[in-house]
**Student:** 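One structure, pasted below without further comment.
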Amino acid sequence: MPLLVMKFGGTSVADLARIKNAAAKVKREVERGYDVIVIVSAMSGKTNELVGWVEQTSPLFDAREYDAVVSSGENVTAGLMALTLQEMDVPARSWQGWQVPILTTSAHSSARFIDIPSTNIAAKFAEGFKVAVVAGFQGVSPEGRITTLGRGGSDTTAVAFAAAFKAERCDIYTDVDGVYTTDPRITGKARKLDKIAFEEMLELASLGAKVLQTRSVELAMRYKVRLRVLSSFEDTDETSGTLVCDEDEIMESKVVSGVAYSRDEAKMTLVTVEDRPGIAAAIFGPLSEAGVNVDMIVQNISEKNYGTHTGAVTDMTFSCPINQVARAKKAMEDARATGSISYDDLVVDTDVAKVSVVGIGMRSHAGVAATMFKSLAAENVNIKVIATSEIKISVLIDRKYMELAVQALHDAFGLERA
Ligand code: ASP
Ligand code: MG
């Protein structure tokens with residue numbers, strides 16, 4: 001029997017009427033001849049509420065109990081979805097993570113998959129069940145405790161099931177009708193993409209396009225799971241939404257396929273750090289231990305005998321999420337206090353945003369950077385930091401120019417046209 005994975009996000013199961021609407025979509029696939037694994041999120045807002053309850057009860061909470069509480073939202077929707085399908089005469093049952101069992105690491109609140117054995121669910125399909133409704137976002141650790149995968153983790157559950165069960169496709173139903181060239185709230189010219197390559201989606205996802213959890217795209221790329229993002233609020237067919245797939249499946253791709261942004265960035269500069277072997281390790285080691293997700297890194301050229309300094313000094317700039325600035329600052333101050341690094345000043349700029357252009361076509365086309373910089377210059381937007389990879393160019397700019405920059409770049413690369 002061909003098998004589909006269908007995942008419904010929080011807004012798609014926000015109340016009983018929406019669960020019914022989602023169940024009707026599942027039923028249609030069953031009628032087309034599929035066995036279906038449905039992955040559900042908690043009703044929208046539920047996980048936030050549960051997290052809030054945990055934090056109010058115990059500020060320094062035991063992560064195992066956090067997982068016990070926050071995983072419960074998905075249990076409710078899984079049961080309700082199974083009941084709804086039964087009411088529609090579709091043979092269905094619900095599965096909590098431990099019943100599958102979805103085996104994960106014991107890294108509570110950010111667990112990773114170890115194994116998803118297919119035996120139990122396959123046996124139920126063999127008995128005549130048509131749908132297995134699985135609670136997303138959760139699993140069970142080797143110690144037998146309930147785990148969760150990190151916020152947005154139901155996407156990753158869906159892809160992992162699609163890989164484990166060799167599904168024909170993994171359909172992610174959400175409240176938008178696909179992946180866009182950029183955020184349609186920023187420019188009305190944003191266009192829905194029919195297809196996007198895994199690597200591009202990975203960059204867009206990690207750059208702040210919040211359609212899919214980044215890990216789900218990583219997993220889909222590794223196991224070549226064809227992933228489709230589509231709306232649960234519209235009538236949809238096999239051609240709806242955006243297919244995230246191998247680049248070989250995309251006949252012609254533009255040089256740039258999307259413009260992403262991330263609003264909540266900060267830039268920190270260590271002024272006049274001693275320039276010697278090991279200095280980068282002495283800075284970024286403590287930052288990593290403090291759990292700071294450093295993104296861009298720029299080291300300035302070295303200057304000798306600058307000011308009162310004897311020997312070589314340099315400036316080191318890095319960016320990180322704005323809510324990690326306090327942690328990063330403390331890590332640097334502590335490192336300075338122990339003498340492992342020295343610097344004259346630590347300059348923090350929390351008024352920056354990151355804007356990036358992404359496209360696999362960049363690998364074979366020159367001139368993308370020049371076009372990007374010219375178009376920002378034409379808008380008088382000053383670039384503070386630049387970072388590039390094979391398929392991406394990112395800049396840090398003043399946050400107040402973020403929308404303007406996204407619009408200008410979307411125009412410059414002609415993204416409104418297919
Ligand atoms: N309910 C979880 C969250 O809100 C997981 C998910 O929906 O993907 O983060
Ligand atoms: Mg989500």
Side-chain angles (χ1 to χ4, degrees), residues 5-15 18-19 22 37-55 61 63 65-81 94-98 100 102 104 107-113 116 133-140 146-162 170-180 183 185 201-202 204-220 225 227-233 241-242 244 260 262 321 323:
V5 171
M6 301 172 76
K7 183 257 173 179
F8 293 94
T11 48
S12 305
V13 292
D15 55 37
R18 289 194 178 170
I19 291 177
I37 296 177
V38 176
I39 309 292
V40 286
S41 284
M43 291 172 164
S44 64
K46 194 69 210 173
T47 308
N48 287 342
E49 180 181 51
L50 295 168
V51 170
W53 288 349
V54 169
E55 288 172 348
F61 50 78
E65 301 306 344
Y66 168 97
D67 279 353
V69 175
V70 303
S71 63
S72 67
E74 273 72 10
N75 297 343
V76 174
T77 33
L80 289 172
M81 176 64 81
S94 69
W95 299 80
Q96 297 186 4
W98 64 272
V100 174
I102 302 171
T104 73
H108 285 277
S109 84
S110 56
R112 293 186 163 256
F113 293 110
I116 302 179
V133 186
V134 179
F137 177 54
Q138 56 174 262
V140 61
I146 303 301
T147 55
T148 64
L149 306 173
R151 297 306 304 271
S154 297
D155 293 334
T156 306
T157 305
V159 173
F161 270 79
C170 179
D171 285 345
I172 307 278
Y173 285 88
T174 178
D175 49 6
V176 294
D177 62 354
V179 179
Y180 278 71
D183 186 342
R185 287 168 301 188
M201 191 64 232
L202 201 55
L204 293 173
S206 59
L207 292 172
K210 297 192 179 65
V211 214
L212 290 171
Q213 199 198 35
T214 310
R215 276 173 59 200
S216 72
V217 187
E218 278 167 11
L219 210 59
V225 172
L227 193 62
R228 196 163 61 129
V229 177
L230 70 173
S231 167
S232 66
F233 304 131
T242 301
V244 188
S262 161
N323 60 7

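Whatever order the structure lists ligands and atoms in, that order sets their numbers, starting from 1. Only a predicted model underlies this, so the values are computations on that prediction, with no experimental measurement involved.
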**Student:** Please verify whether a non-hydrogen atom of G152 lies at under 4.0 Å from ligand 1.
**Tutor:**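 Yes, G152 has a heavy atom closer than 4.0 Å to ligand 1.
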**Student:** Would a distance-only check, ignoring hydrogens and angles, find a side-chain to backbone donor-acceptor pair under 3.5 Å from R215 to L149?
**Tutor:**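 Side chain of R215 to backbone of L149: a pair is present.
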**Student:** Answer yes or no for E74: is there a heavy-atom contact with ligand 1 below 4.0 Å?
**Tutor:**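 Yes, E74 has a heavy atom closer than 4.0 Å to ligand 1.
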**Student:** Check salt bridge (Lys or Arg N to Asp or Glu O under 4.0 Å) between D183 and all other residues, then give those that pass, not counting sequence neighbours.
**Tutor:**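 Testing D183 for salt bridge (Lys or Arg N to Asp or Glu O under 4.0 Å), a comparison that skips the adjacent residues, returns R185.
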**Student:** Would you mind listing every salt bridge (charged side-chain N to carboxylate O under 4.0 Å, His left out) that reaches into residues 149-159, with sequence neighbours excluded?
**Tutor:**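 For residues 149-159: K7-D155.
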**Student:** Among protein heavy atoms, which sits nearest to atom 7 (O) of ligand 1, and what does the distance come to when rounded to 0.1 Å?
**Tutor:**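 Among all protein heavy atoms, the one nearest atom 7 (O) of ligand 1 is S41 OG, 2.8 Å.
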**Student:** Say whether G73 and ligand 1 are in contact under the criterion: heavy-atom distance to a ligand atom below 4.0 Å.
**Tutor:**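 Outside the 4.0 Å threshold, so no.
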**Student:** Please identify which atoms of ligand 1 are closer than 4.0 Å to at least one heavy atom of S154.
**Tutor:**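 Those atoms are 5 (C), 6 (C), 7 (O), 8 (O).
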**Student:** What atoms of ligand 1 come within less than 4.0 Å of a heavy atom belonging to F137?
**Tutor:**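 This gives 2 (C), 5 (C) as the contact atoms.
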**Student:** For T156, is there any backbone N or O sitting under 3.5 Å from a side-chain donor or acceptor partner on S216?
**Tutor:**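 No; judged by distance alone, with no hydrogens or angles, the pair does not exist.
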**Student:** I want to confirm something. Looking only at heavy atoms, which of Q138, R151, K7 is nearest to atom 3 (C) of ligand 1?
**Tutor:**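 Nearest heavy atom to atom 3 (C) of ligand 1 lies in R151.
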**Student:** Checking D67 against T147: is there a side-chain donor and acceptor pair closer than 3.5 Å?
**Tutor:**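 D67 and T147 do not have a side-chain donor-acceptor pair below 3.5 Å.
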**Student:** Donor-acceptor pair, distance only, cut-off 3.5 Å: does the side chain of E74 make one with the backbone of A42?
**Tutor:**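 Yes: the side chain of E74 pairs with the backbone of A42.
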